[in-house]
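A quick write-up on the structure given underneath.
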Amino acid sequence: AQGLVGHRNIVRGNGAIAFRKGKMAMPNSLKNLRVKIGTVAAIAAALFILWLPLGILNLVPFILTIPGESALRSHAGLAVGSLMIAAWGYWGR
């Protein structure tokens, strides 16, 4: 069962808060921007994921260096972070 949270257009269910369609719905321009950001992040994640095995085989150099971290861990972190942003871009769609 979904209960109301503070306003009649906000619905809470399964631990998440979402907007009902109506006055407080997210505008289409913001939805489109979110999808565009998600698409760019998914493309970046694919590039980072392809870069990892090539870097391990020393076919391409690892570019990112963070002091105190291995190059492999830094590039893997970029891939995971990009996937998280891509998931946010397509969430609720």
Side-chain angles (χ1 to χ4, degrees):
Q2 296 178 347
L4 295 178
V5 177
H7 195 278
R8 60 191 163 113
N9 286 327
I10 301 176
V11 180
R12 182 180 180 146
N14 300 330
I17 296 176
F19 290 105
R20 281 189 188 173
K21 291 183 178 179
K23 286 194 267 181
M24 294 186 64
M26 185 183 296
N28 283 337
S29 61
L30 287 180
K31 286 181 187 178
N32 292 339
L33 178 63
R34 213 167 97 169
V35 170
K36 287 178 185 176
I37 291 171
T39 302
V40 169
I43 292 169
L47 291 174
F48 292 135
I49 290 169
L50 290 174
W51 197 290
L52 285 173
L54 295 175
I56 291 171
L57 297 172
N58 289 324
L59 298 174
V60 294
F62 283 130
I63 296 173
L64 181 66
T65 55
I66 298 175
E69 294 293 332
S70 69
L72 179 64
R73 185 173 181 174
S74 301
H75 282 78
L78 281 174
V80 170
S82 296
L83 287 172
M84 290 174 62
I85 293 170
W88 167 80
Y90 289 105
W91 173 66
R93 188 165 180 232

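All residue numbers refer to positions in the sequence shown, counting from 1. Since the structure is predicted, the reported quantities are computational estimates derived from the model, not experimental observations.
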Heavy-atom closest pair, residues Ala76 and Leu52: N-CD2, 3.8 Å

Shortest non-hydrogen separation from Ala79 to Ala45 and the atoms involved: O-CB, 4.0 Å

From CD1 (Ile43) to OG (Ser82), nearest 0.5 Å: 11.0 Å

side-chain contact (heavy atoms from CB on, under 4.5 Å) assessment of Leu78 paired with Trp51: CA-CA 11 Å; Leu78 281 174; Trp51 197 290; over 6 Å; no

Side-chain donor or acceptor of Trp91 paired with backbone N/O of Ala86 under 3.5 Å: no

pair Phe48-Leu83: side-chain heavy atoms closer than 4.5 Å: no

In one Ile/Leu/Val/Met/Phe/Trp/Tyr side-chain cluster, 4.5 Å: Leu57, Ile49: no

Cluster link Val35 to Ile37, ILVMFWY, side chain under 4.5 Å: no

Mutual orientation of the aromatic rings belonging to His75 and Phe62 [parallel < 30°, tilted 30-60°, perpendicular > 60°]: tilted

Pairs meeting criterion salt bridge (Lys or Arg N to Asp or Glu O under 4.0 Å) with involvement of residues 43-56, two or more places apart: none

